[in-house]
Amino acid sequence: MRLAFKLAVAGLFLSLCASASLGQVSCPFGTTDTDRLARCLLRPVRRGGNLGPTPATLPAPLDALIGKPMNVSAEKLQAHLRARGIKEADLGGALVFRGGRFVNDLTRARYFVFHDTSFPEINAADFPADINAASWRFNRLSVWLATPTPTHVFVNRLGESATKANFSQNVNGTKYDSGRDAPPGAERSRRAAARAGQFIHIELVQPRRKSNPRTFFDLGPTPGMTAKQLDRLALLYVAASVRAGRWLLPAFHLAVDSPLRDAHDDPQNFDLDVWLGNLRTLLSDVEAASVAPDGGGTDAPLGGSVSAGSLTAADFNLPEPTAATRGERLTLWSTFYHVFPARQLDGGQPLLGTNGRSLGASVSASDWCNAALEGTVAVSNGAGATRTFNFSDRGGGRQLDCSRFFPSVARATINALARTRFEIARGAFGTGVRGMALVPYRSIAVDNRQRPIPFGAVVFIPQARGKEILLPSGATARHDGYFFAADTGGLIKLNHIDVFSGTNARNPFPEFIKSRETGTFTAFFINDPAITARLTAAHRP
């Protein structure tokens with residue numbers, strides 16, 4: 001049975017069995033008393049669809065935030081994210097910068113709703129031992145992105161997040177924001193339209209099992225969410241609130257829908273104290289973030305020279321996979337990308353950060369367009385100093401029309417390139433997702449929805465094994481066939497991967513890199529903890 005169907009059935013069964021919320025008090029959504037509404041939405045969720053009492057007061061730091069002006073700057077939040085290698089795209093979308101300032105694009109948003117997936121359903125007496133480890137299948141965000149679950153962002157138990165819908169998109173994730181407090185018809189539609197855009201929905205990965213054989217899957221693990229999950233949830237809350245220009249009201253799913261029929265009983269075993277502690281720490285860290293005059297966070301180190309590098313043949317000597325370590329078979333097609341070398345040109349096209357400010361480097365129009373296309377550029381000042389910059393996001397305004405340099409490239413791609421924004425790389429060869437340093441001939445870019453390959457996965461390509469590669473030092477080596485998913489790109493979709501070749505501008509693997517969708521080849525996931533650990537370490541900046 002396909003997972004999407006199983007999730008739909010599970011959600012239906014769960015809702016039918018969670019009607020204990022009937023008869024409980026609904027929250028006063030129409031009130032002007034924000035404190036009262038916020039406290040109602042934080043009634044603790046208990047097993048079987050029951051809610052605990054309304055807190056007498058809002059706990060800190062919410063008591064100092066809810067109903068108060070936004071006191072976190074978008075610049076400091078960006079500096080905090082940049083210093084930690086966290087992509088805004090994984091947090092419900094990028095902060096919007098237009099006309100020289102940040103724009104609050106979530107003007108209707110008011111509620112930030114905590115859900116749990118209530119899946120997978122575990123029939124065993126205990127939860128799997130590895131539910132908080134990368135080895136557990138359901139910590140693959142690609143699994144969740146492939147489901148029909150209506151939400152904005154998924155957060156796995158490792159504290160990693162993936163955006164399914166930008167926060168600016170309307171998603172009906174509760175019965176209340178779908179207008180289900182009215183009978184089917186015109187009034188239900190009117191209520192749903194009036195509430196559109198007010199709710200941000202976050203799904204926290206949490207399995208369920210039965211507390212006894214006669215009940216439904218009502219029991220979540222204890223604690224329900226990991227500390228890392230709650231840490232990422234705090235970051236998502238701040239990011240959404242900054243984009244809204246106001247502190248959103250955090251809410252439990254069941255508290256939103258109570259007392260509607262068939263209200264879901266989530267989130268289970270949510271430790272509010274841990275989340276609030278993480279929120280306090282995060283607010284302190286963001287406030288302490290340094291914003292350079294050019295808009296770049298000073299916590300982010302400059303990239304080093306890309307002219308040599310320290311890779312040797314010994315870095316590509318991993319043994320051939322065994323039948324036991326060779327996992328799922330993949331059918332892929334590939335392109336490749338490299339670090340584009342450019343020279344500083346005073347008065348040229350500046351490399352702009354996501355806030356629209358110069359990062360302190362400018363290049364020729366041709367070099368700028370090639371940098372936008374490749375995604376990584378090494379800018380030399382002619383005196384031996386080189387800085388590396390990465391693609392960061394798309395800005396609100398067009399900077400340069402690159403069609404004269406790429407006449408055969410589709411207009412949609414040209415328009416996207418024109419809005420390219422950069423960031424200072426943390427590694428000598430550039431930075432991929434989650435702050436990972438790119439490694440020539442080892443890193444690959446995959447679909448940012450992480451399907452079919454999730455970030456951090458190891459892939460073996462048989463056609464690469466034994467092929468000679470030219471290292472940045474000028475030495476040669478024989479490749480062992482292993483690649484590591486460390487990057488993404490706007491044009492990388494589904495089974496398309498992009499192999500990073502470092503400073504080499506020529507196709508390093510013509511045997512399988514055909515740069516067309518019909519040029520497919522076979523690859524395999526690798527389930528070898530030792531190899532995964534080695535390649536993960538190689539991608540640390």
Side-chain angles (χ1 to χ4, degrees), residues 3 6-7 10-11 14 45 47 84-87 90-92 112-147 149 151-164 173 201-210 217-237 239 250 252-253 264-279 281-282 433-436 449-451 453-458 485 525 527 529 532-533 536:
L3 175 61
K6 288 180 71 177
L7 279 171
L14 187 61
V45 177
R47 213 165 70 211
R84 286 155 181 78
I86 300 172
K87 297 289 187 182
D90 293 334
L91 303 177
F112 189 86
V113 186
F114 307 156
H115 303 252
D116 75 52
T117 59
S118 307
F119 195 85
E121 294 170 344
I122 308 297
N123 286 304
D126 295 303
F127 292 106
D130 64 342
I131 62 169
N132 298 333
S135 57
W136 191 51
R137 178 180 176 236
F138 292 96
N139 278 325
R140 282 191 188 178
L141 290 167
S142 58
V143 170
W144 299 103
L145 291 172
T147 69
T149 305
T151 193
H152 287 100
V153 171
F154 287 102
V155 182
N156 68 14
R157 300 185 69 80
L158 307 177
E160 301 165 336
S161 60
T163 300
K164 183 174 185 181
H201 298 286
I202 309 297
E203 285 280 353
L204 300 155
V205 174
Q206 183 193 92
R208 292 286 187 95
R209 63 184 182 86
K210 294 183 178 182
F217 289 87
D218 62 332
L219 188 64
T222 302
M225 289 81 191
T226 67
K228 290 182 178 179
Q229 265 183 306
L230 297 180
D231 192 51
R232 178 53 60 98
L233 184 65
L235 186 57
L236 286 160
Y237 174 64
F252 295 133
H253 182 184
H264 289 197
D265 67 335
D266 65 311
Q268 283 282 308
N269 300 333
F270 187 98
D271 195 324
L272 186 62
D273 289 336
V274 172
W275 182 71
L276 291 171
N278 290 349
L279 179 59
T281 300
L282 173 62
V433 297
R434 301 173 182 167
M436 291 187 282
R449 293 166 297 181
Q450 302 186 69
R451 53 186 184 190
I453 303 173
F455 300 135
V458 176
F525 278 122
N527 303 315
T532 299
T536 299

#### Entry: Polar side chain donor-acceptor pair, Asp90 to Ser161, under 3.5 angstrom
no
### Message
Assess the residue pair Asp266 and Ser118 against the criterion (side chain to side chain donor-acceptor pair (under 3.5 Å)); give the C-alpha distance rounded to whole Å, side-chain angles, the decisive distance to 0.1 Å, and a yes or no.
### Response
CA-CA 8 Å; Asp266 65 311; Ser118 307; 5.2 Å; no
### Message
Please determine whether a side-chain nitrogen of the Lys or Arg among Arg208 and Asp265 lies less than 4.0 Å from a carboxylate oxygen of the Asp or Glu.
### Response
yes
### Task
Hey, could you give me the NZ/CD1 distance between Lys164 and Ile202, rounded to the nearest 0.5 Å?
13.0 Å
### Task
Drop me the distance from Phe114's CZ to His253's NE2, to the nearest 0.5 angstrom.
13.5 Å
### Query
Taking only residues two or more places apart in sequence or in another chain, which ones pass side chain to side chain contact (heavy atoms under 4.5 Å, CB included) with Ala134?
Leu158
### Message
Is the shortest side-chain heavy-atom distance between Phe119 and Val205 below 4.5 Å?
### Response
no
### Summary
Closest non-hydrogen contact found for Thr163 with Gly92 is OG1-N, 2.9 Å
### Task
State, without any angle test, whether Thr149 and Thr147 hold a side-chain donor-acceptor pair at a distance under 3.5 Å.
yes
### Message
Can you list everything that forms a salt bridge (Lys or Arg N to Asp or Glu O under 4.0 Å) with Glu160? Sequence neighbours excluded, please.
### Response
Arg434
### Message
Whether the side chain of Gln268 engages the backbone of Pro221 through a donor-acceptor N/O pair (distance < 3.5 Å, no angle test) should be reported.
### Response
no
#### Entry: Contact check, side chains of Tyr237 and Pro250, non-hydrogen atoms, under 4.5 Å
yes
### Query
Can you name the nearest heavy-atom pair linking Leu230 to Trp275, along with the distance?
O-CD1, 3.3 Å
#### Entry: Point-to-point distance, once rounded to the nearest 0.5 Å, from CZ of Phe154 to CG of Leu141
9.0 Å
### Task
Kindly indicate whether a cation-pi arrangement holds for Arg209 with Phe127, taking the cut-offs as under 6.0 Å to the six-membered ring centre and within 45° of the axis.
yes
### Query
Considering all heavy atoms of both residues, which atom of Val155 and which atom of Gln229 are nearest to each other, and what is their separation?
O-NE2, 3.1 Å
### Query
Do Asn139 and Arg157 get their side chains close enough for a donor-acceptor pair, meaning under 3.5 Å?
no
### Query
For the side chain of Asp130 and the backbone of Ala133, is there at least one donor-acceptor N/O pair under 3.5 Å apart?
no
### Query
Taking the side chain as C-beta and beyond, is there a heavy-atom pair between Ser142 and Phe455 under 4.5 Å?
no
### Task
Hey, could you give me the CZ/CG distance between Arg232 and Asn156, rounded to the nearest 0.5 Å?
9.0 Å
### Task
Search all heavy atoms of Leu91 against all heavy atoms of Leu236 and return the closest pair with its distance.
CA-CD2, 3.5 Å
#### Entry: Any donor-acceptor pair under 3.5 Å from Asn269 side chain to Gly220 backbone
yes
### Message
Once rounded to the nearest 0.5 Å, what's the spacing between atom CH2 of Trp144 and atom OG1 of Thr117?
### Response
3.5 Å
### Query
When rounded to the nearest 0.5 angstrom, what distance separates CG in Leu204 from NE2 in His115?
9.0 Å
### Donor-acceptor side-chain pairing of His152 and His201 below 3.5 angstrom
no
### Val113 versus Phe252, closest heavy-atom pair with distance
CG1-C, 4.4 Å
### Exercise: identify the closest heavy-atom pair between Phe217 and Ile122
CE2-O, 3.5 Å
